[in-house]
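Counting convention: from 1, in listed order, for ligands and their atoms alike. Both backbone and side-chain heavy atoms feed into the values below; hydrogens, waters and symmetry mates do not. Model, not experiment: these values are computed from the prediction.
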Amino acid sequence: MTMPANLPPEAKAKYAKYLDAKTTEEKIKTLEEFISAVPKHKGTENLMLWARKKLAQLKQDLEEERRRRKTGGSGIRFMVQKSGAAQVAVIGPTNSGKSTLVHRLTGAKTLITDYPYSTRLPSPGMLSFEDVQFQLVDTPSLMLNYPDSQWNNRIIGLVKNADALLLLFSLDSPSLKQNIASTLKLLGDRGIETSKGEGYVYIERTRGVGEIKLYVNGRLKGFTEENVRRMLREYRIYGAYVYIDGEVTLDDVEKAIFTRTMFKPTVLILNKADRSLYSKEELLALKNIIPNGVPVLVGIARSGRGFEELGRILFEKLGIIRVYTKEPNGEIAKQPLVLKKGATVLDVAKSVHSRLVKNFKYARIWGPSAKYPGERTGLDHTVKDGDIVEIRA
Ligand SMILES: Nc1nc2c(ncn2[C@@H]2O[C@H](COP(=O)(O)OP(=O)(O)O)[C@@H](O)[C@H]2O)c(=O)[nH]1
Ligand SMILES: [Mg+2]
């Protein structure tokens, strides 16, 4: 979506109202007001397209909500309690082998059939990688022919809540390429990116806190942090965390205000290699439609062949590290703390106990991040995967 150059202030204010709306009814009302406040010309065409599509979706949501209220709230939302180091949603078109894969890799009982759309509820299982576990969640199949259906909405809800995605496709399907393209489009249209691309902006609004904080992990092309703050204030956004990765323009930041895309680390799986309709060359050509940075695994879910490295790949894609805490003069913890790459001793202390932060004296580190075994550090020391950390308070 290209952004409208200089939306009038009224339109920006209306958009702020929409962002603040809580109920679906309010969202519809405020989005309609925003649409009428936007001047219609070439520069706002894409924005209007997006807004009208969003409006149609909201109206559908409202209908569904009303129906549920009438039928006594039988509309279950797909939510699976998280467990382990990360929740990974396994999604894809029908018969791609999702239920088979989750069963094979985790041992969990899933419903495997030849009938389309037989899996109707998500069901989790645990995949071990060394000393961490990932929760794989088997899901009902996406209806690629009805991208905006309520059926898909519930799966998308689950996807948004997950930490990573496995996209599954079957090599025995003649429409493999189209299935991949439709799935990626369906996700993209709902604001879910499977690859960070060149640059990536994600704005997380914080209610109440009147501060705009930037986390820049890349380069701002032709603008400053102050420009970002000013622009957000024009949209009446006073509290937000702005995450910037790679090379980003101010337009990209403005776009992120509207589309609110989120990045989900993704692995793409081409299943049923034992019944593949495709040559090696044809598979390589799929690179053209698969985003850079999305690893592709080819395998056989029935036997598990080809998925030996899945745990390690997920671990790397998730950008997580393991840290082992140690009591002063005590045992090293068997179970690691799982933290984001870039975490510091402060994050370690926080996840053990807030008291450790308040009474912190120093830490001692053994392992990859230590200059020498038992190095003494402060709270700002960056830890690495495999570190042993002892906190003295
Ligand atoms: N030949 C072969 N069949 C598979 C493989 N994985 C799954 N299947 C079969 O494909 C059908 C659909 O599998 P299922 O896991 O229910 O697919 P889902 O709809 O994506 O959950 C079942 O008959 C499975 O036995 C595989 O790797 N090879
Ligand atoms: Mg299934």
Salt bridge present between E26 and K22 (N-O < 4.0 angstrom)
no

Enumerate the atoms of ligand 1 whose separation from the nearest heavy atom of S141 is less than 4.0 angstrom.
19 (O)

Contact region, N271 to ligand 1, non-hydrogen atoms below 4.0 Å, reads side chain

I'd like to know if K280 pairs up with E282 as an ion pair, taking the criterion as any Lys NZ or Arg NE/NH1/NH2 lying under 4.0 Å from an Asp or Glu carboxylate oxygen.
no

Have a look at ligand 1 and work out which part of S303, if any, has a heavy atom under 4.0 Å from it: side chain, backbone, both or neither.
neither

Regarding E63 and K59, does a basic nitrogen lie under 4.0 Å from an acidic carboxylate oxygen?
no

Cation over ring face, R322 and F315, 6.0 Å, 45°
yes

Could R229 and E225 be called an ion pair, given the rule that one side-chain N must be under 4.0 Å from one carboxylate O?
yes

Taking all non-hydrogen atoms of both residues, which atom of I391 and which atom of L356 are closest, and how far apart?
CG2-CD2, 4.1 Å

May I ask you to list the atoms of ligand 1 that are less than 4.0 angstrom from any heavy atom of G97?
7 (C), 13 (O), 14 (P), 15 (O), 17 (O), 18 (P), 20 (O)

Proximal ligand 1 atoms for D114, defined as those under 4.0 Å from one of its heavy atoms:
11 (C), 22 (C), 23 (O)

Quick one: does ligand 1 sit under 4.0 Å from the side chain of T100, the backbone, both or neither, non-hydrogen atoms only?
both

What residue and heavy atom of the protein are closest to atom 28 (N) of ligand 1, and at what distance?
D274 OD1, 2.9 Å

Check for me whether the distance between the ring centres of Y18 and F34 falls short of 6.0 Å.
no

Can you confirm, on distance only, whether ligand 1 has an N/O atom lying under 3.5 Å from any N/O atom belonging to I300?
no

Sidechain N-carboxylate O distance under 4.0 Å for D163, K82
yes

Tell me the protein heavy atom at minimum distance from atom 25 (O) of ligand 1, and give that distance in Å.
R302 NH2, 3.0 Å

Atoms in ligand 1 with a heavy atom of S99 nearer than 4.0 Å
15 (O), 21 (O)

Considering distance alone, does some N or O of A301 sit under 3.5 Å from an N or O of ligand 1?
yes

Give a yes or no on whether the ring-centroid distance for Y200 and Y243 is below 6.0 angstrom.
no

Can you tell whether the side chains of E226 and R233 come within less than 4.0 Å, N to carboxylate O?
yes

Nearest non-hydrogen protein atom, atom 12 (C) of ligand 1:
N95 OD1, 2.9 Å

Please identify which of these residues, N359, V357, V352, meets the side chain to side chain contact (heavy atoms under 4.5 Å, CB included) condition with R355.
N359

Using a heavy-atom cut-off of under 4.0 Å, does the side chain or the backbone of R275 touch ligand 1, or both, or neither?
side chain

Salt bridge present between D189 and K53 (N-O < 4.0 angstrom):
yes

Of L297, L167, L171, which is the lone residue that meets side chain to side chain contact (heavy atoms under 4.5 Å, CB included) with L270?
L171

Under 2.8 Å from the Mg ion (ligand 2), which protein N, O or S atoms are there? Could you list them by chain and number?
S99 OG, T119 OG1

Top protein contact for atom 10 (O) of ligand 1, by heavy-atom distance:
K272 NZ, 3.0 Å

